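For the numbers below, each heavy atom of this structure counts, side chains included, while hydrogens, waters and symmetry mates do not. Starting from 1, each residue takes its place in the sequence as its number. Whatever order the structure lists them in is the order used to number ligands and atoms, beginning at 1. From a predicted model like this one, the values you see are computed outputs, not experimental measurements.
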Amino acid sequence: MAFKPANNIQDLQYFGEFGGVNPSISDASTYTFLSAKTMFDTFEGNADGCYLYSRHSSPSNLYLGEALAAMEGTETANVTASGMGAITPVLLQLCGAGDHIVSSRTIYGGTYAFLKNFAPRFNVETSFVDITKLDSVEAAITKNTKVLYCESVSNPLLEVANIKELAKLAKKHNLKLVVDNTFSPLSISPAILGADVVIHSLTKFINGSSDTVGGVVCGTQEFINNLRNVNNGACMLLGATMDSLRAASVLKNLRTLHIRMQQHSENALYLAEKFEADGLKTVYPGLKSHPSHELFKSMMNEKYGFGGMLTIDVGALEKANELMELMQNRNLGYLAVSLGFYKTLFSAPGSSTSSEIPEDEQKEMGLSDGLIRFSIGLDADIERTYKQMHQCMKTLDII
Ligand SMILES: Cc1ncc(COP(=O)(O)O)c(C=O)c1O
């Protein structure tokens with residue numbers, strides 16, 4: 001039967017303490033116990049339904065976590081203070097000194113910097129591979145490898161990972177497949193395709209209003225319990241906990257995610273087709289020209305399209321900068337990093353979100369100077385937006 005993530009969210013019924021239509025916000029960092037014995041049992045992890053301290057868990061965070069677990073089809077989830085606050089504890093929980101990670105080389109710059117520059121301080125080494133080439137992925141696995149890491153749709157090159165095949169490889173070599181699904185919520189459900197752990201930066205499409213940072217780890221009850229363990233859990237001990245007030249606001253925004261994703265995807269497909277027809281080098285998984293178009297189609301859930309992210313290449317950084325400034329002046333979007341906002345956001349990844357990746361490596365992976373990454377907004381009249389963007393490109397002799 002087809003997996004329907006938005007139905008799973010819709011079906012969650014949470015009442016507030018006084019019958020409110022939204023769950024009550026737990027405005028407390030610590031919790032009382034009626035008996036000292038219950039406090040002891042809670043610390044030992046043996047008192048279900050008792051809260052001990054909000055860095056560990058809080059009612060508001062659990063409501064949001066359960067909603068995201070329902071969306072991803074995992075047993076449970078743990079929300080965190082940022083996307084990086086989800087990624088780094090997961091990797092540190094799964095790997096210790098001497099262990100090895102095989103990672104896609106086209107990933108968010110912060111994750112790349114963590115794996116390349118920070119994790120080696122703890123003797124955790126990473127091999128970066130072209131994730132679309134399953135042979136090179138398998139060839140990079142060593143006896144010390146513990147984790148296979150990728151993004152379902154990669155930042156910023158929009159490469160698509162074959163999650164089913166990667167999950168088979170992970171099983172064969174006894175690895176955990178960890179997938180960052182930030183670019184494709186609802187469209188792709190990595191856990192249903194075989195991933196062990198699914199991560200999101202909630203900062204992006206899921207929250208959708210560019211007013212907070214947040215993250216989530218979705219996985220088995222056992223793994224999430226491990227992350228929260230008071231003695232050796234990376235989430236508990238590294239402390240990147242989401243605030244309860246924020247968890248409540250992200251949960252309310254999650255309720256409209258399906259409508260927003262439909263509009264982001266519809267607008268992005270419209271613009272991608274027009275830009276390509278104008279002769280621009282355009283990358284969008286919804287275009288037939290995308291090397292993984294068929295793969296994306298074979299993995300996607302019905303209705304949510306190919307996502308809101310696209311890239312164009314205008315040849316040189318100066319041209320890219322001129323175009324982005326002109327589009328911002330004409331109120332077509334903002335020159336800003338991040339994604340998933342109601343308004344279009346654009347940036348040149350080579351000099352911003354992927355600047356952690358050395359220039360020669362950027363070249364090798366096809367991340368060119370003139371690349372502009374667009375997070376397409378919720379524009380009600382995308383034809384009007386296109387005409388104005390087209391005018392900007394004409395003015396600058398780009399087309
Ligand atoms: C794909 C992806 N994963 C993770 C992150 C990190 O998330 P956060 O900024 O919420 O820590 C980002 C941020 O840009 C991202 O694009």
Is a side-chain N or O of [X] found less than 3.5 angstrom from the main chain of [Y], in a donor-acceptor match?
X	Y	result
H258	I9	no
Q362	I357	yes
S60	S26	yes

Open item on the list: Regarding D313 and S368, do their side chains bring together a donor and an acceptor under 3.5 Å, going by distance alone?
Closed with: yes
Open item on the list: Any salt bridge linking K274 with D278? Criterion: basic side-chain nitrogen under 4.0 Å from a carboxylate oxygen.
Closed with: no
Open item on the list: Before you tell me yes or no, could you show the steps for F296 and H290 under ring pair (Phe, Tyr, Trp, His ring centres under 6.0 Å), namely the whole-Å CA-CA distance, both residues' side-chain angles and the distance that decides it to 0.1 Å?
Closed with: CA-CA 10 Å; F296 195 119; H290 190 289; 8.1 Å; no
Show the distances, to 0.1 Å, for all pairs joining an N/O atom of ligand 1 and a protein N/O atom that are shorter than 3.5 Å, listing one pair per line.
residue, atom, partner, partner atom, Å
ligand 1, 3 (N), D180, OD2, 2.6
ligand 1, 7 (O), S201, OG, 3.1
ligand 1, 10 (O), G83, N, 2.8
ligand 1, 10 (O), S201, OG, 2.8
ligand 1, 10 (O), T203, OG1, 2.6
ligand 1, 11 (O), G83, N, 3.0
ligand 1, 11 (O), M84, N, 2.8
ligand 1, 14 (O), K204, NZ, 2.6
ligand 1, 16 (O), N155, ND2, 3.0

